[in-house]
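Numbers for residues simply follow the sequence, beginning at 1.
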Amino acid sequence: MTWTTGELQRIAAAEELEIAARRADGTPRRPLPIWVVVVGDAVYVRTWHRRGTGWFGHVLATGRAGIRVPGLAADVAVEDVGAGPDELRAGIDAAYRAKYGRYGAGAVSAMVSDAAAAATLRLDKQPRE
């Protein structure tokens, strides 16, 4: 499934996205707020650094999650894209700087670092369970 234009606009406008990893039995874990950007017709999230624990490790282990922003709830497949090709990384980095730059260089620099880029995930819309 692909995101609709309206869904992408809601996600792009949201300050944060709430992500809830799915347990092996499909039930959601506690949702956590994270920064999110839209580049083209795709949705991306990152963590400060790649790790096998917490929300990041859980969504990697199951490959799926539930997300929420105001006016939208969706099930997603989680694709580990890492730093990706140079042009993709540059686009995602630019989107983080544009959207969250008001928080200051320290916060944004951490999200566009090599470590954060290596922890880039694409969220692909899935049919609701």
Taking only residues two or more places apart in sequence or in another chain, which ones pass side chain to side chain contact (heavy atoms under 4.5 Å, CB included) with T2? none
Please round to the nearest 0.5 Å and tell me the distance separating atom CH2 of W55 and atom CD1 of I19. 5.0 Å
Starting from the C-alpha separation in whole Å, work towards a yes-or-no answer on side-chain contact (heavy atoms from CB on, under 4.5 Å) for L17 and L123. CA-CA 11 Å; L17 171 146; L123 306 180; 4.2 Å; yes
Scanning both residues in full, the closest heavy-atom pair of A116 with A110 reads CB-O, 3.2 Å
Counterpart residues, side-chain hydrogen bond (donor to acceptor under 3.5 Å, both in side chains), relative to D41 (two or more places apart): none
Please check: side-chain N/O of T120 versus main-chain N/O of A117, any donor-acceptor pairing under 3.5 Å? yes
So, do V38 and W3 sit near enough that their side-chain heavy atoms are less than 4.5 Å apart? no
Residues which pass side chain to side chain contact (heavy atoms under 4.5 Å, CB included) with A77, listed by chain and number, not counting sequence neighbours: D124, Q126
Gap separating the CZ atom of R68 from the CZ atom of R10, nearest 0.5 angstrom: 15.0 Å
Identify, with sequence neighbours excluded, every residue that meets side chain to side chain contact (heavy atoms under 4.5 Å, CB included) alongside A21. R29, H58, V59
Specify whether W48 and W35 have parallel, tilted or perpendicular ring planes, treating 30° as the upper limit for parallel and 60° as the lower limit for perpendicular. tilted
What is the minimum heavy-atom distance between D75 and R22, and which atoms define it? OD1-NH2, 2.6 Å
Any residue meeting side-chain hydrogen bond (donor to acceptor under 3.5 Å, both in side chains) with E7, in chain and number order, not counting sequence neighbours: T4, K125
Enumerate the salt bridge (Lys or Arg N to Asp or Glu O under 4.0 Å) contacts for residues 90-102, please, sequence neighbours excluded, ordered by first and then second residue. E15-R102, R46-D93, R89-D93
Answer yes or no: is there a side-chain heavy-atom contact under 4.5 Å between L121 and L60? yes
Residue pair V78, V45: steps toward the side-chain contact (heavy atoms from CB on, under 4.5 Å) verdict: CA-CA 10 Å; V78 178; V45 296; over 6 Å; no
